[in-house]
2 protein chains.
Amino acid sequence: MANIRDLARMAGVSVSTVSRVLNNHPYVSEEKRTAVLQAIEKSSYHKNINAVNLSRGKTMLMGVVVPYSDHPYFSLMIKGIAKLALDHNYKLVLIQTDYREDRELEALEMLREKQIDSLIICSRTCSMDIVREYAGYGHIVLCENNNDEAVSVTYVNHYRAFYRALTYLYQNGHVKIGYCIGRKTGVNSLQRQAAYRDFVSKYNLGFNEDYIIGDCLYFEDGEKVVNKLREMASPPTALLVTSDQVAAGIVTCCQKLDIAIPGELAIIGFDNQPIAKMMDITTVKIPIEEMGSNLFLQAFNGDKSRKEMQVRLIERGTV
Amino acid sequence: MANIRDLARMAGVSVSTVSRVLNNHPYVSEEKRTAVLQAIEKSSYHKNINAVNLSRGKTMLMGVVVPYSDHPYFSLMIKGIAKLALDHNYKLVLIQTDYREDRELEALEMLREKQIDSLIICSRTCSMDIVREYAGYGHIVLCENNNDEAVSVTYVNHYRAFYRALTYLYQNGHVKIGYCIGRKTGVNSLQRQAAYRDFVSKYNLGFNEDYIIGDCLYFEDGEKVVNKLREMASPPTALLVTSDQVAAGIVTCCQKLDIAIPGELAIIGFDNQPIAKMMDITTVKIPIEEMGSNLFLQAFNGDKSRKEMQVRLIERGTV
DNA sequence: TTGTATGCGTTATCAC
DNA sequence: GTGATAACGCATACAA
């Protein structure tokens with residue numbers, strides 16, 4: 001495979017001149033330019049990006065850490081990231097972690113080893129101490145409400161969103177309210193839990209550990225949720241479900257079992273995915289794709305910033 | 001940031017020795033090894049992967065081309081690829097194309113520019129002539145039934161699978177059968193179309209263009225399908241739906257409209273995603289994740305091969 | 001077992 | 001405008 005030196009020889013010019021026409025730099029005579037262009041033409045020459053990267057110290061590669069790339073929430077976020085990446089000539093390196101810390105570390109190592117210029121962590125399990133260690137090697141962007149100065153963040157106020165949704169249910173007459181969530185730890189989850197605690201405490205509803213159902217990620221988890229409810233002596237009459245997928249699964253399952261919604265069980269989903277609209281599920285709209293785009297921009301620009309995205313309750317038929 | 005030369009200086013050895021301990025090569029005395037190790041320790045040294053790549057001519061990066069990364073089918077395939085990539089120390093570069101040829105070309109260019117070692121194309125729109133041009137720059141793997149010798153392929157026999165499903169519907173008394181599909185062109189789609197044509201011709205059912213409904217990708221497209229059926233004077237009584245998501249959407253929509261399934265409309269989905277099981281949808285099981293894993297292995301190994309994956313009709317309640 | 005020297009393909013600095 | 005040449009950081013054949 002021809003390299004820049006071969007081109008120089010063929011065109012009868014120096015490598016610098018070749019490099020200049022390759023990168024559209026000024027100060028090169030039309031004559032020589034065309035000579036080089038011709039050489040390129042008949043030599044099947046192509047840049048070796050690694051050499052460029054080494055020389056420039058940049059890779060135009062951005063890492064994206066997600067726990068599950070096949071979850072609609074993260075899929076959509078990736079979509080938002082990818083859209084802008086394309087515009088800015090960046091490629092994405094996808095790192096799927098399953099919330100395993102060693103995988104997250106691998107991603108951070110890529111940053112250190114300069115294989116990626118910057119890193120978007122859509123959701124993490126490792127400590128901020130670790131993240132902070134790597135902040136010097138490139139921009140790190142998080143998708144959570146976090147005040148750490150080493151990183152930029154794009155987030156929604158999950159505390160407020162949760163509290164708002166809970167209040168809505170309360171106003172609709174519910175006093176036994178539970179919620180379904182992916183994992184119970186994690187920054188966002190803890191903020192929601194705090195909102196839940198504050199809420200039940202304010203209205204004296206009593207805190208019931210059973211009303212918090214974890215491991216709810218996919219549509220099919222809805223069945224599990226319904227089964228749990230049926231085993232309870234005093235099940236909640238309303239459920240906040242932190243993923244429209246799961247909410248849809250619950251609704252579907254209830255239909256099969258003739259459990260009336262919202263009569264016997266009220267549901268509020270999160271995200272406002274298309275499935276929620278189609279199934280007429282009340283939900284809290286989260287601008288996931290826009291968040292992805294903003295994450296990209298923060299990683300791209302590099303100056304530290306914090307951006308809160310707004311959410312909105314969309315009233316439909318499940319409350 | 002320290003480099004290998006600094007380490008050599010600090011440890012009082014040569015760069016080659018440093019390189020040897022860095023890469024766990026034999027023939028280096030314990031003494032010098034520890035000296036180097038210590039130097040590494042206190043210098044916050046880390047490899048520059050680009051330099052390694054340049055020197056080695058490899059990147060340990062594999063490109064993955066998908067039209068839509070947020071579609072459950074491709075998400076799952078990516079998952080299968082990612083799983084093995086992890087085992088083999090490969091990272092994935094995700095290229096989402098929306099079936100735009102220029103994006104596919106970008107991916108192929110990455111191969112040529114040595115930014116990726118190999119490329120998995122999960123679905124393409126560009127011609128094989130173009131793909132073939134790039135085959136010399138690295139392994140290219142396709143997910144379609146294709147005999148081109150320049151590439152490896154992992155595929156399912158969509159013709160046979162489709163024919164089988166159609167026959168099943170026929171045996172269940174249906175003579176007005178239609179199908180829903182993502183895009184109407186594309187290798188896999190054409191093979192299904194061929195099966196459909198052969199099928200209706202064999203049983204003298206008549207070919208009805210309206211019975212082929214395109215742009216069916218997501219859950220929410222189910223509504224569109226149902227609306228189309230309702231506008232028909234003589235709608236099909238059974239539908240092959242090439243994505244469980246869409247099948248689920250159709251079923252959901254029919255429930256809302258009190259259209260009996262399978263009484264008024266029989267449905268066979270494809271993929272056997274969890275949603276199909278949960279909604280009791282008859283479907284053709286496709287081992288998507290395993291296909292992803294196999295695609296990875298083919299790209300990894302590089303020797304040209306063809307692998308057909310088996311599918312199976314799973315009888316449930318929608319036929 | 002160790003070190004020297006060279007190559008990998010570009011970019012960038014500087015002198016001309 | 002143009003061309004040497006020195007980085008960029010590492011791997012490795014070869015010599016010792």
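Letters A, B, ... mirror the listed sequences (proteins, then strands); counts begin at 1. Just so it is clear, the model here is predicted, and its values are computed rather than measured.
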A/V65 vs A/I120 side-chain heavy atoms within contact, under 4.5 Å: no
A/L119 side chain near A/I121 side chain, heavy-atom distance below 4.5 Å: yes
Could you give the CE-to-P distance, from A/M60 to C/dT11, as a whole number of Å? 13 Å
Between A/Y68 and A/Y73, is the ring centroid distance below 6.0 Å? no
Distance in angstrom units between B/L54 CG and C/dT10 P, rounded: 9 Å
Measure distances between side-chain N and O atoms of B/S16 and base N and O atoms of C/dT4, and say whether any donor-acceptor pair falls under 3.5 Å. yes
Nearest-nucleotide comparison on DNA chain C, the residue closer to the 5′ end among A/R20 and A/K47: A/K47
With the side chain counted from C-beta on, respond yes when B/K184 and B/S189 share a heavy-atom pair under 4.5 Å apart, and no when they do not. no
Let me know the distance between NE2 of A/H46 and P of C/dC8, rounded to the nearest Å. 20 Å
Considering only D/dA11, D/dG9, C/dA12, which nucleotide approaches the side chain of A/R56 most closely? C/dA12
I'd like to check A/Y155 versus A/N146 (side-chain heavy atoms, cut-off strictly below 4.5 Å). Are they in contact? no
One should read off an interatomic distance between B/K58 NZ and B/S118 OG, to the nearest 0.5 angstrom, of 8.5 Å
Is it the case that C/dG7 (base atoms only) and B/S55 (side chain only) share a donor and an acceptor within less than 3.5 Å, ignoring hydrogens and angles? yes
May I have the distance from A/H25 (atom NE2) to D/dG1 (atom C1'), rounded to whole angstrom? 14 Å
With sugar-phosphate meaning primed atoms plus P, OP1 and OP2, does B/N53 contact a base, only sugar-phosphate, or nothing at under 4.0 Å between heavy atoms? nothing
Under 4.0 Å, heavy atoms only, any strand: does A/N23 hit a base, just the sugar-phosphate, or nothing? sugar-phosphate
Separation of D/dG9 C1' from A/E113 CD (nearest whole Å): 13 Å
What is the separation between atom CD1 on B/I4 and atom P on C/dG3, rounded to the nearest whole Å? 13 Å
For A/N3 and C/dT11, what is the distance between atoms CG and C1' respectively, to the nearest whole Å? 14 Å
Does the separation of the ring centres of A/F300 and A/H139 fall below 6.0 angstrom? no
Note down the inter-axis angle between the two ends of the helix from C/dT1-D/dA16 to C/dC16-D/dG1, five pairs each, to the nearest 10°. 40°
Rounding to a whole Å, what distance do you find between B/R5:CZ and D/dC10:P? 8 Å
How is A/V15 classified with respect to the nucleic acid when contacts are heavy atoms under 4.0 Å: base, sugar-phosphate, or nothing? base
What are the residues of residues 29-41 of chain A, sorted by number, that bring a heavy atom to within less than 4.0 Å of DNA chain D? A/S29, A/K32
